[in-house]
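So the structure is just underneath, and the comments pick up after that.
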Amino acid sequence: MKVAYWPGCVSRGFTPELHGSMAKIAPLLDIELVEIDRGACCGAGVIAEHNQELADTLNARTFALAQEVDGAALMMNICSTCQGAQSECQERLDANADYRAHVNQTLAKEDLSYEKGLSNKNLLWLLVEELGLAELRSRVCRPLTDLRVGPFYGCYIVRPAPRLGIDESRPRDEYLGLVIEALGGTVIEYAGSHKCCGFPIITMNKEASLQQAGRHLGDAVDAAADCIVTPCPLCHLNLDLQQPLAEKVVGRKLKMPVLHLPQLVGLALGLAPGELGLQRHVVKPTAVIDWTTSVVAEVGASTADS
Amino acid sequence: MEFTLRLRRYDPESGDPAYWEEHTVDLEPHRSVLEAILQAKALTDGSIGIRCSCRAAICGSCGVRVNGQPGLACHTHLDKAQRGAPDGVIEVEPMGNMPVIKDLIVDMDAVHWKKIRRVTPWLQPKLPVPEREYIVEHEAMVDVTQSMACIQCGACVSDCLSMEVDRDFIGPAALTKAYRFVGDPRDARTGERLKDLAEDPHGIYDCTHCFKCIDACPKGVAPMSQIMRLRRRAGSDFHIEDANNGERHERAFVSLVRRYGLLNEAELLPRSYGGDSTLAKFKPVAAKELASSLPAIAKALLRGKVTPTTALKPHKLAKRDLAAIERIYDEVEGRDERLELNLYISGRDEDLA
């Protein structure tokens, strides 16, 4: 499957292991990534907060670039925040022909134009809806048996539900659990899975921001999770990079490894932890990886489960 | 058709902890969760505490959580609630972030109304007061109609994730009320209101942008969008440089994307504290903040997560794309008026309905 691939900013900046691990798993899932390397930052809601039309125009430009990729089935992103911020802009662009024409007029100087109805899916949605869980399961060569994984979605990919196309027939707010199961892992339910990591207010109210991160990580610890997995690199910054500070704010040791979604998928597909950049995290994923043998959790076997 | 409810019961006067209790009712599937609660109360246990009045999603009295989601009991159909219940039993509990008075009744005075009062929820008119009515342009009021649709049910307050960790956060309902007057052309205190809300450490910049209130609201008010409107007016129209770094963060973010096309995290942090300049990191306020983050930064460098190159030499787009982005910025920001499409007001094109 050929996709117009939008990596976002953070995956190429402060979480390079996300972009890197996506590149590693793509060929194993027969996903051909055609990177949109000319698009601007989605704005993460902040540009829209400043000027809505500016955010809509920048993202319409990215959408137009994606639509120019020959033979691409859809646009794929690897960031919950990109998904939410772009979906918000797309909702307005798709809802009103006059507004779309107005925005396209700004893009016309570059000979670009956005046509309504683009399909823009996070890797998580693509795994379930395009590749399919059965197919994903069939490609697992090192099942995550006995690995207890807590999902952490990131706000932007689960709310508001109507905008993100979440309903009874498409429970996208449950997909992480489905993927963890398909990879052979055990899904851990805990209070914080769909809550906010606190990242957006880290510069405005650091205490409250780290309280949020620390609280959810603590809930995952209490539910005896080995690690948590997230499709959002911004959540990863607050949950992993800031975890030492979050520990101080909530006054408890957490030591909770936080994996990017493609890293978890990559482990189950047989890739080595080093290839997936797991050594780059602030909280070492020792619960997930036996570093001497590169074997997942306590499981020594590397047999397929199907 | 039979439905089973699992109600959260609590009577503080009893001294006993809260507990769950199941009731089975017989109602048509399109009837509401409120009607089911009232039937259980009428037929099996008169002591069940629930506050309600209009039963038509107008009065805002029956805010509860159904299957963990905040909303109005009278506005939730039984069949839909049952489909949303993992074990088929409809779970009803009191709203969050507010103390429970009894069973499903929470203390709205202690939290919700206190916060509403905090934002001076009345018009402070321009002087002199006209002899008869103020005449305003019809269009001038369209912008605030979404905030006026609020029925004060507290569903957004219930699940506000900022309030969960910061009890002092003014919160989605009260800030929506604030926008109702900030956006009103008859009000004389727009600037003062915005300054007050921007400078309060628990004001507009304390919202963590989690969209919980948008999903919670049974009336489509989208409180978070109103908070973003308050920020937009405070920052772009009144240029209020608040003590919470809110305006600086926004300005730094917007200008970094203009310059590099992509977000440059290493520059965003110091600029959010020290102002929108490459020298920001050397300002005392930024340096102090960066020093407190030093352990995290050092560890990130150590693990090769962040390399000195990525930290100092930011990724950016190619020249021609940067030129295009700059042109878009100039064109859009150069307009006489900011263009804002609010789908609540404009609706959607019919072919999408």
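Below, read A as the first sequence line, B as the second, and so on, with proteins coming before strands; counting in each chain starts at 1.
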Contacting moiety of [X], where chain A heavy atoms sit under 4.5 Å:
X      : answer
B/R335 : side chain
B/I214 : side chain
B/Y329 : both

Next item on the list: Determine the interplanar angle of the B/H209 and A/Y156 rings, folded into 0 to 90°, and report it as parallel if under 30°, tilted if 30 to 60°, perpendicular if over 60°.
Entry: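 Rings of B/H209 and A/Y156: parallel, under 30°.
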
Next item on the list: May I ask you to check whether over 12 heavy atoms, not counting those of B/K219, lie within 6.0 Å of atom NZ?
Entry: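 Atom NZ in B/K219 is packed in, count exceeds 12.
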
If you round to the nearest 0.5 Å, how far is [atom2] of [Y] from [atom1] of [X]?
X      : Y      : atom1 : atom2 : answer
A/H50  : B/F253 : NE2   : CZ    : 11.5 Å
B/I328 : A/R61  : CD1   : CZ    : 5.5 Å
B/C213 : A/R159 : SG    : CZ    : 9.5 Å
A/T106 : B/D330 : OG1   : CG    : 12.0 Å

Notebook entry, point to check: For the residue pair A/Y99 and B/L341, what are the closest heavy atoms and their distance?
Noted result: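 Scanning both residues completely, I find the closest heavy atoms to be CD2-CD2, 3.6 Å.
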
Checklist line | Taking every non-hydrogen atom, the tightest pair across A/E91 and B/L343 | finding: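 Heavy atoms only, the tightest pair is CG-CD1, 3.7 Å.
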
Relative to chain B, which segment of [X] carries a heavy atom at a distance below 4.5 Å: side chain, backbone, both, or neither?
X      : result
A/R38  : both
A/V283 : backbone
A/A48  : backbone
A/T15  : both
A/E49  : both
A/D56  : neither
A/V10  : both
A/E174 : neither
A/E17  : side chain

Check: Of B/V165, B/D206, B/D166, which meets side chain to side chain contact (heavy atoms under 4.5 Å, CB included) against A/I201?
Finding: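 When side chain to side chain contact (heavy atoms under 4.5 Å, CB included) is applied between A/I201 and each of B/V165, B/D206, B/D166, only B/D206 qualifies.
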
Check: Which one of B/M228, B/R231, B/R338 has the most heavy-atom pairs closer than 4.5 Å to chain A?
Finding: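 Max contact count across the listed options: B/R231.
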
Next item on the list: Please determine, among B/R229, B/K316, B/R320, the option with the most heavy-atom pairs under 4.5 Å with chain A.
Entry: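 Highest number of heavy-atom pairs under 4.5 Å: B/R320.
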
